[in-house]
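One structure is given below, encoded as structure tokens.
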Amino acid sequence: MPNTVVEGRELALTSLGKVLYPATGFTKGDVVEYYSSVAEAILPHLRDRPASFVRAPGGVESSPFMAKHVPPGTPDWVTVREVHRVDGSTDRQVLVQDLPTLLWAANLAALELHVPQWRLPAEGEADRLVFDLDPGAPATIVECCAVAVWLRDRLARDGLSAYAKTSGSKGLHVLVPLRPTDAGAVADHAERLAREASEELPELAVHQVPKSLRTGRVFVDHSQNAWTRTTAAPYTLRARPRPTVSTPVTWDEVVGCAEPDDLVFAAGDIAARLERHGDLLGPLLDPSRAGRLPDGD
């Protein structure tokens, strides 16, 4: 098909009719259109953060895979930067800095966009803290909401403001804006709070990894604060049977969640939510809202 020009960049958008979500008929063209529609909200959360993609060129039922490396054929106008690995080596990753890059990634069937808790060039200096609340069946996002409220109130005692979004899968993410802080210190503080949650809510929360401990409880995963880890970005699609979205939610919605479906949002729901609420995670991007860890951390 002919190239499309987006903000002065030529894009070859291909196979737009290919169905990527067979259960709903959601196509690659729908993915491109979705990301175009939420670009104003999602791009600030991606800026200067090395992106990892979950790609599904064969659709969500055909082995989606995580891709961190810069793919062959990447246009020279896509921003690429060196990023350190655990072993001390470096690798090149894409930064999704603008609409053309976002749509280029969507055309690669990069359904999910994951980013770390820090921005370049301050690699390893976290500007947010995150908890990934993962329910172990028969627990659901309803139980995650109860744990999230406990975390919100506990973080407030440290002078930190918390915000929430659905994971777009089964659980909930709680995020805290921080002044740039060593990621190791942030990870240590998050681990302490996860341990506190499991002690204060023993029938509801667990901070340990073994799945055998999670049955009917919420795993308070603090590990994504490590500088090498990433989290699903706000407004990203997920490679699930339906085109669900990691969606910012209000605390009223969290407190009022009575059924799992209360906090399930698909691509078609997001425009109306943005119109109604704006970006509920906008405070994560506002330096005046950023807190600092308690003294001693």
Side-chain angles (χ1 to χ4, degrees), residues 19-28 30-31 33-35 37-38 41-42 45 54 56 59-62 64 106 111-114 130-153 162-175 197 201 203-206 211 213-221 224 231-282 284:
V19 174
L20 299 182
Y21 292 84
T24 62
F26 202 77
T27 66
K28 188 161 80 164
D30 294 324
V31 171
E33 183 177 354
Y34 167 74
Y35 277 119
S37 72
V38 300
I42 193 174
H45 293 285
V54 174
V60 297
E61 296 179 353
S62 299
L111 304 183
E112 298 189 12
L113 308 173
H114 294 242
V130 62
F131 293 100
D132 180 1
L133 306 182
D134 183 16
T140 67
I141 198 171
V142 175
E143 286 74 22
C144 291
C145 288
V147 175
V149 170
W150 184 92
L151 285 168
R152 177 198 64 182
D153 296 344
Y163 303 87
K165 68 181 178 74
T166 69
S167 69
S169 180
K170 299 179 296 180
L172 198 69
H173 294 162
V174 175
L175 304 104
L201 307 169
E203 301 303 316
L204 190 60
V206 60
K211 290 189 176 181
L213 300 176
R214 303 187 205 174
T215 301
R217 293 192 285 179
V218 175
F219 176 42
V220 184
D221 186 357
Q224 291 174 26
T231 304
Y235 305 105
T236 184
L237 290 165
R238 301 307 301 265
R240 306 288 294 174
R242 295 173 55 209
T244 51
V245 173
S246 184
T247 307
V249 291
T250 69
W251 281 110
D252 283 346
E253 288 176 309
V254 173
V255 171
C257 180
E259 299 290 339
D261 285 348
D262 290 348
L263 291 183
V264 176
F265 303 100
D269 300 321
I270 305 305
R273 289 186 62 82
L274 286 169
E275 180 69 23
R276 179 181 179 185
H277 298 294
D279 178 14
L280 289 169
L281 293 186
L284 292 178

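Given the structure is predicted, the values throughout are model-derived calculations rather than measurements.
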Atom of [X], atom of [Y] and distance for their closest heavy-atom approach:
| X | Y | result |
| --- | --- | --- |
| Val54 | Ala239 | CG1-CB, 4.2 Å |
| Ala106 | Val31 | CB-CG1, 4.1 Å |
| Val254 | Ala164 | CG2-CB, 4.0 Å |
| Asp279 | Ala41 | OD2-O, 4.2 Å |
| Pro241 | Ala23 | O-CB, 3.7 Å |
| Pro135 | Cys144 | CD-SG, 3.5 Å |

Is any side-chain heavy atom of [X] less than 4.5 Å from a side-chain heavy atom of [Y]?
| X | Y | result |
| --- | --- | --- |
| Val245 | Val38 | no |
| Tyr21 | Leu237 | yes |
| Leu175 | Lys165 | yes |
| Asp132 | His173 | yes |
| Val60 | Pro22 | yes |

Any donor and acceptor pair, going by atom type alone, linking the side chain of [X] with main-chain N or O of [Y] inside 3.5 Å?
| X | Y | value |
| --- | --- | --- |
| Tyr35 | Leu111 | yes |
| Arg273 | Pro248 | yes |
| Thr244 | Arg238 | no |
| Ser169 | Ser167 | no |
| Arg240 | Gly168 | no |

#### Entry: Inter-residue atom distance Glu275.CD - Ile270.CD1, 0.5 Å rounding
13.5 Å

### Message
Using 0.5 Å steps for rounding, measure from the CZ atom of Arg276 to the CG atom of Leu280.
### Response
9.5 Å

### Query
Quick one: which of Leu172, Leu204, Leu133, Leu201 gives a side chain to side chain contact (heavy atoms under 4.5 Å, CB included) with Glu143?
Leu204

### Task
Would you please test Val147 and Phe131 for side chain to side chain contact (heavy atoms under 4.5 Å, CB included) and show each step?
CA-CA 10 Å; Val147 175; Phe131 293 100; over 6 Å; no

### Task
Run the numbers on Lys170 and Asp134 for side chain to side chain contact (heavy atoms under 4.5 Å, CB included), then give the verdict.
CA-CA 7 Å; Lys170 299 179 296 180; Asp134 183 16; 3.8 Å; yes

Which atom pairs, one a donor and one an acceptor, fall under 3.5 Å between side chains of residues 255-269 and the rest of the protein, sequence neighbours left out?
residue	atom	partner	partner atom	Å
Asp262	OD2	Ala258	N	2.9
Asp262	OD2	Glu259	N	3.0
Asp269	OD2	Ala266	N	2.8

#### Entry: Parallel, tilted or perpendicular: ring planes of His45 versus Tyr235, cut at 30 and 60 degrees
tilted

### Task
Can you establish whether the number of heavy atoms outside Glu33 located under 6.0 Å from its atom CD is more than 12?
no

